[in-house]
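The block underneath contains the structure these notes are about, expressed in C-alpha cells.
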Amino acid sequence: MDQKKRVFSGIQPSGGAMTLGNYFGAIKNWVDMQDDYDCIYSVVDMHAITVQTDASKLRSQTLDVLAQIIACGLDPAKNILFIQSHVPQHAELAWVLGCYTMFGELSRMTQFKDKSSKNPQNINSGLFTYPTLQAADIILYDTDLVPVGEDQRQHLELARNIVQRFNGLHGDVLRMPELFIPKVGAKIMSLQEPTQKMSKSDPNPGAFVLISDSQDEIMRKFKRAVTDSGSEVRPGDDKPGVTNLMTIYCAATGKTTDEAVNEFAGKGYGDFKAAVGEAVAAILSPIRERAAQLSKDKAQLEAIYRDGAARAEDIARRVMRRIAKKIGYVGK
Ligand code: AQP
C-alpha cells in the first residue's frame, strides 16, 4: 500500500483566537486533509514571541487555540497535534538552517517589513529569522505538503530555496515541500480596510471576525463592514469591499461567485451583508461552543498535547539525527 503523504502546518497563538481568515485560509483545509494525509499540526508558540507577549496570556492563548483547532474538527486520534516549544528540535534545526539562509533573502520578506514597520520599538532578530524557524518546522517532519494562506507563499518559497541549497551541498537529505493554497478563501481581507489582510493583531477589532465572537458580534461586524461606491452586489477590482464579502460568502456556503451574484441581483448591500453574517455565524457558532467546552477541560487538552509532542518528537529526533550526521556533527 502507498504511504500517505505527510502534511505539516502551524498556527500562532497570538491574539488568543483564530480569525475567519485563519479558518478559511488554513484550518478548514487541515480538517479536509485529515483522512487522506498523514497530518501534523502545531500551535507555534515560538513564533508568537517575536512580538512581545505577556507570559500568562501566551500560556492561556496557546491552550485556547489548541482547543479551537480541535473544535474546528481536527481529530487528535487522526492527526498529531502539538505545541511547538515542546519539541526542542525545532530550535535546533532552525539554527542549522539559519546557516543556509542568506541575509538578503530574509531582508526581502514582506512579513518582516510589515511587522517591523508596525513594531518599530521591537525589531528583534527573531522577527527577522522567523522564516528560518518556519522552514525548520516544515523540514523536521519530511513534509510533502504545507496547507497555508496566500500570505505564507513567500515564506514557503524560501523554505524550498533552503532545501535546494542544503541538498545541493549534502545530497538528497531534505524532503522538498510543496505549497497547498485553497481555491477560495486563501486571502480574507480586513472588514474595515479591504485592501489589507484580515489579521488578529489589527488594532481595530471591527476589522476581523474571531472564532470566539458571539452571533451578535459577527452580525454587527458584517453590518459595519466597509463596502464600495455604487449599489450593485458583484465582485470587481473597483469593489474590494464587496469582493471580500463575496469571497467570505462563497467560502461559507460553498456557492460559486455566479450563484451568489444571481442570488443578490436587485438587492442592496444591507441584505447582502446580513446574509454573509448569517452564513458565517452558522459555521462559527458550533465551533465557538465546542471550543469553550474544551478550553475548560484542561486534563483532556494536556493529554492531547503531551501525546502529540511525544509522537512529533519521535519523528523530529530521527530527521534531526540524519541532518546532524550530514553536516558533520559528532554523534554521541
Ligand atoms: N487573512 C487571511 N486569509 C487567509 N489565510 C490567512 N491566514 C492568516 N491570515 C489569513 C493563514 O492562517 C494560518 C495561520 O496564520 P498565523 O496565525 O500563524 O499567522 P499570520 O498569518 O500572521 O496570522 P495573523 O492573523 O495575521 O496573525 P498576526 O496578526 O498575529 O500576525 C496561515 O496558514 C496563514 O496563511
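FYI, side chains are in, hydrogens and waters are out, and symmetry mates aren't considered; it's all heavy atoms of this structure. Just so you know, ligand 1 is whichever comes first in the structure, and atom 1 is the first atom listed for that ligand. Values in this document were obtained by computation on a predicted structure and should not be read as measured data.
Nearest non-hydrogen protein atom to atom 3 (N) of ligand 1 is Ile188 N, 2.8 Å. Ranking protein heavy atoms by distance to atom 21 (O) of ligand 1, first place goes to Asp151 OD2, 2.7 Å. Looking from atom 15 (O) of ligand 1 to the surrounding protein, the closest heavy atom is Asn22 ND2, 3.4 Å. Looking from atom 30 (O) of ligand 1 to the surrounding protein, the closest heavy atom is Ser14 OG, 2.7 Å. The protein heavy-atom contact nearest to atom 25 (O) of ligand 1 is Lys200 N, 3.1 Å. Counting only heavy atoms of the protein, atom 18 (O) of ligand 1 lies nearest to Gln12 N, 3.0 Å.
Taking any N or O of Pro147, backbone or side chain, none lies under 3.5 Å from an N or O belonging to ligand 1. The N/O atoms of Lys197, backbone and side chain alike, include one that comes under 3.5 Å of an N/O atom in ligand 1. Considering backbone and side-chain N/O atoms, Ile11 never comes within less than 3.5 Å of an N/O atom of ligand 1. For ligand 1, the polar-atom distance check against Asp202 finds no nitrogen or oxygen pair separated by under 3.5 Å. Residue Ser201 has at least one N or O atom closer than 3.5 Å to an N or O atom of ligand 1. Looking at ligand 1, you'll find an N or O of Lys115 within less than 3.5 Å of one of its N or O atoms. Taking only nitrogen or oxygen atoms, main chain and side chain alike, Ser199 reaches within less than 3.5 Å of ligand 1. Of the N or O atoms in Gly185, none lie within a sub-3.5 Å distance of an N or O in ligand 1.
Classification of the Tyr249-Phe272 ring pair by plane angle, with boundaries at 30° and 60°, yields perpendicular. The aromatic rings of Phe8 and Phe82 are tilted relative to each other, their planes meeting at an angle between 30° and 60°.
The minimum heavy-atom distance linking Ala159 with Ala135 is given by the pair CB-CB, 3.8 Å. Here the closest non-hydrogen pair linking Gln84 and His47 is NE2-CD2, 3.3 Å.
One side chain, Asn124 or Asn122, offers a donor N or O that lies under 3.5 Å from an acceptor on the other. For the 3.5 Å distance criterion, the side chains of Thr19 and Asn22 qualify, holding a donor opposite an acceptor. Looking at Ser214 and Glu217, their side chains do bring a donor and an acceptor atom within 3.5 Å of each other.
When heavy-atom distances to ligand 1 are checked against a 4.0 Å cut-off, Lys187 comes that close only through its backbone atoms N, CA, C and O. Contact annotation: for His47 versus ligand 1, there are no heavy atoms closer than 4.0 Å.
A salt bridge is defined here as a Lys NZ or Arg NE, NH1 or NH2 lying under 4.0 Å from an Asp or Glu carboxylate O, and Asp142 with Arg322 meets this definition. Ion pairing between a basic and an acidic side chain is recognised when a charged N comes within 4.0 Å of a carboxylate O; Arg6 and Asp144 show no such pairing. Salt-bridge formation is not detected for the pair Asp151/Lys187: no Lys NZ or Arg NE/NH1/NH2 atom is positioned less than 4.0 Å from an Asp or Glu carboxylate oxygen.
The option from Ala186, Ala26, Gly21, Gly25 that lies nearest to atom 10 (C) of ligand 1, judged by heavy atoms, is Gly21.
Annotation: side chain of Val261 is in contact with side chain of Met246 (closest heavy-atom distance under 4.5 Å).
Taking every heavy atom of Gly10 and a limit of under 4.0 angstrom, the matching atoms of ligand 1 come to 14 (C).
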